[in-house]
Amino acid sequence: MLDIKFIRENADLVKEAARKKKIKVDIDRLLSIDDERRALLSAVEGKKAEQNKVSEEIAQADSARREELITQMQTLKADIQAEEEKVKPIMEEWQALMLQVPNIPDMSVPDGDSDADNVEVKNWGEQTQFSFTPLDHTELMVRHKMVDFERGTKVHGFRGYYLLGDGARLSWAIWNYANEFFQTKGFDPLLVPSIVRKSNLYGTGHLPNDADDVYRTQDDDYLIGTSEVSTMGYFADEVLDHAQFPIKFLAFSPCYRREAGSHGKDVKGLIRVHEFFKVEQVVLCEASHEESVQWHETINRNTEEFIESLGIPYRTVLNCGGDIGQGQVKKYDIELWVPDEQKYREISSASYFHDFQTRRFNIRYRDKEGKMRYAHSLNCTAIPTPRILVSLVENFQQADGTIKVPEALQKYLGKAHIG
RNA sequence: GGAGGGAUGGCGGAGUGGUCUAACGCGCUUGUCUUGAAAACAAGAGUCUGGGAAACCGGACCGUGAGUUCGAAUCUCACUCCCUCCGCCA
C-alpha cells in the first residue's frame, strides 16, 4: 500500500512503476475517484459540522426556537444521508484500486518481462565438471532411498513426496546447520503459525492478486506460502520503539503453494512441490531508505555465505521489473547450479518493501523525535528444503555413485558420504 | 459445539442521549529549572480532510457497517475480532 498523498503527488512515478512491473492498474481512474472521494467527504463533513452546531443550539434553545430548528434539521439530515449513499461505492472502488497500486521499484531495477531478463550480478564457484555421466537428483535420491515419489503421489497426489532415510536426515542436518549459522548472525528463531487469517496475506501483498496460488480452508483461513506472512503479522497493529530495531527473525515453517498455472512446469523431482519447508530471514528496521538498502544487501549476503559454506556453485541475479512483486522495491534471487539441467535454479529471494507491507499491517514505531512512523520490512530466504537437496546431491555426486556431504554439514549429518 | 462478557488515543482506563474541543494515570516530545541528568512545573503530541507559501485556522473520526434521534462513544441490529466458563481433543 502506498500513501494516497504520495500517489497524488507522484502520479507519473507510480504509472512508470506499474509499467515497469507489468501491472495493470488505472492510476488516472484512481486519481479521479480520489478527487470524488475527497469532494464528497468534505461535503459530508461540512454538513455534519453544521448539524453539530445546530444540535448544540437546540440543546440550549427555548421550546419555540427548538421546534423551528428541529424542522430545519430534518432536511439537512436527508441531505447528509443522500451524500453518504454516494460515498459508499466510491470508497469501495477506491479501496480496490489502492490494493492494486504497485510499490515504486528502485532505479537500479532493470527493465524486463520475466526471469529471462534478470541481470546476473555475481557468479561464484565453478560449474561442476564430471569425469563420468552424472545422474539427476531424482534418480540419485531414489537410488539412495532418500525420497519416495510413488508413495508421495499415492498419498498426496501430483507433486507429492516422502523424504526418508538420508533424505530426511540431510534435511534435518540442513535445518540444524542453518539455524545455527543464521543465529550467529543475530537472528532470533521463530516458529510461526502456518494457518493464518486472510488479513495477513493482504498485509504481505499476496492478496488480492495471488489468490489462485494460496490454499484456503473451509473456515476461510489460509495456508501460508512463506513464513514471512505470519512473521509480519506478528507485529500487526502494534507500535514499536525505534530502540527495538533492527528486529531480525529467523522464521521456520512449512510452506504451501498451489502452483496454479504451472502444471506443466518442473513435473519431475523436488524442484517444484506443493508443500515444503523454509527457513526465512525477516527484518524490520526504521523508515530509512539507506537502512533498508543496507539490510537488503546484508541478508542477501548472509544467504550467499551460507551457500558458499556448502560449496555449491551459484549466481546472484538482480530481478527485472517484470519479475518482482507488487510490493517489492528491489529483489535479488540466488540461483544454484543444477548439473542435470545445465542451468541455475532459484533457491532464495531477498526483497525489501519500504513501508508497503507495514502500512497494510499497520506496524508503526516511534522514532527518535517521538513521531509515529511506519517501519520498513525486508525478507530473504535462508534455505528452502527440499529444493536445496536438488543441487546438493547433483553437484556432490561421485564416480562411485556415492554423494559427498559438504564439510559444513558433516557434523550435523554425522557422516561424510551418503551411500 | 454450547453459554456469557467485551472492543475508547502510544498504553491502562473513565464516560450509558446534549460544553466530549473524550476525565484521570502512565509513557512520549519540547520548554523552565540544573554543570548534565533525575524530580518538579508548563505546554504539546494521532489519522483523514478543507483553506494557506508557511506559521496556523476549520472540519470529521470512540472496532466496522447500518438504524433510532433534531443530536450517539453512550440506545438497537448485523458483521469482525478479543476474553471467560462448559464440552470435545493432541
(request) Not counting sequence neighbours, list each pair that qualifies as a salt bridge (charged side-chain N to carboxylate O under 4.0 Å, His left out) and has a residue in residues 172-190 of chain A. (result) A:Glu180-A:Lys411, A:Lys185-A:Glu305
(request) Please determine which of A:Phe252, A:Phe181, A:Phe182 meets the ring-ring contact (aromatic ring centres under 6.0 Å, His included) test together with A:Trp175. (result) A:Phe252
(request) Nearest whole angstrom, please: distance from the C1' of B:rU64 to the CE of A:Met91. (result) 12 Å
(request) Assess whether atom NZ of A:Lys415 is packed by more than 12 heavy atoms of other residues, nucleotides or ligands within 6.0 Å. (result) yes
(message) Using atom C1' in both nucleotides, what's the gap between B:rC26 and B:rA45 to the nearest angstrom?
(response) 15 Å
(request) Determine the minimum heavy-atom distance between A:Leu97 and A:Val25, stating which atoms define it. (result) O-CG2, 4.3 Å
I'd like a list of close polar pairs between nucleotides 66-74 of chain B and the protein, N/O only, cut-off under 3.5 Å.
from: B:rG71; atom 1: O4'; to: A:Ser55; atom 2: OG; distance (Å): 3.2

(message) When the P atoms of B:rU19 and B:rC11 are compared, how many Å lie between them, rounded to an integer?
(response) 26 Å
(request) Could you give the distance separating B:rG46 and B:rA22 at their P atoms, to the nearest angstrom? (result) 13 Å
(message) Please report the distance separating the C1' of B:rA73 from the corresponding atom of B:rG6, rounded so that it comes out in whole Å.
(response) 15 Å
(request) Could I get the full list of side chain to side chain donor-acceptor pair (under 3.5 Å) partners for A:Glu341, not counting sequence neighbours? (result) A:Arg345
(request) Answer yes or no: are there more than 12 heavy-atom neighbours, outside A:Ile195 itself, under 6.0 Å from its atom CD1? (result) no
(message) For a side-chain contact (heavy atoms from CB on, under 4.5 Å) check, start with the C-alpha distance between A:His274 and A:Tyr215, then their side-chain angles and the critical distance, and finish with the verdict.
(response) CA-CA 10 Å; A:His274 287 304; A:Tyr215 287 102; 3.3 Å; yes
(request) Quote, to the nearest angstrom, the P distance that separates B:rU21 from B:rA60. (result) 8 Å
Taking distance alone, no hydrogens or angles, what donor-acceptor pairs closer than 3.5 Å link side-chain atoms of residues 386-395 of chain A to residues at least two apart or in another chain?
from: A:Arg387; atom 1: NE; to: A:Ile271; atom 2: O; distance (Å): 2.8
from: A:Arg387; atom 1: NH1; to: A:Glu346; atom 2: O; distance (Å): 2.8
from: A:Arg387; atom 1: NH2; to: A:Ile271; atom 2: O; distance (Å): 3.0
from: A:Glu394; atom 1: OE1; to: A:Asp340; atom 2: N; distance (Å): 2.8
from: A:Glu394; atom 1: OE2; to: A:His137; atom 2: N; distance (Å): 2.7
from: A:Glu394; atom 1: OE2; to: A:His137; atom 2: ND1; distance (Å): 3.4
from: A:Asn395; atom 1: OD1; to: A:Thr128; atom 2: OG1; distance (Å): 2.5
from: A:Asn395; atom 1: ND2; to: A:Trp337; atom 2: O; distance (Å): 2.8
from: A:Asn395; atom 1: ND2; to: A:Ser391; atom 2: O; distance (Å): 2.8

Grab the N/O contacts between the protein and nucleotides 45-49 of chain B below 3.5 Å, and write none if there aren't any.
from: B:rU49; atom 1: OP1; to: A:Arg8; atom 2: NH2; distance (Å): 2.8
from: B:rU49; atom 1: OP1; to: A:Arg37; atom 2: NH2; distance (Å): 3.4

(message) Between B:rG12 and B:rU8, how far apart are the two P atoms, rounded to whole Å?
(response) 7 Å
(message) Using atom C1' in both nucleotides, what's the gap between B:rC28 and B:rC83 to the nearest angstrom?
(response) 29 Å
(request) Rounded to the nearest angstrom, tell me the gap between atom NZ in A:Lys53 and atom P in B:rG59. (result) 10 Å
(request) Treating a pair as Watson-Crick (purine N1 to pyrimidine N3 plus N6-O4 or O6-N4) or G-U wobble (N1-O2 and O6-N3) with both distances under 3.5 Å, list the stems of 3 or more consecutive pairs that involve RNA chain B. (result) B:1-7 with B:80-86, B:10-12 with B:24-26, B:28-32 with B:40-44, B:46-51 with B:56-61, B:63-67 with B:75-79
(request) Grab the CD-C1' distance between A:Gln244 and B:rG10 for me, whole Å please. (result) 12 Å
(message) Counting only heavy atoms not in A:Lys154 (residues, nucleotides, ligands), do more than 12 fall under 6.0 Å from its NZ?
(response) no
(request) In whole angstrom, give the distance that lies between atom CD of A:Glu92 and atom P of B:rG65. (result) 11 Å
(request) Tell me, please, whether A:Phe187 has A:Lys248 positioned over its six-membered ring: NZ or CZ under 6.0 Å from the ring centre and within 45 degrees of its axis? (result) yes
(request) Could you give the distance separating B:rG87 and B:rA3 at their P atoms, to the nearest angstrom? (result) 15 Å
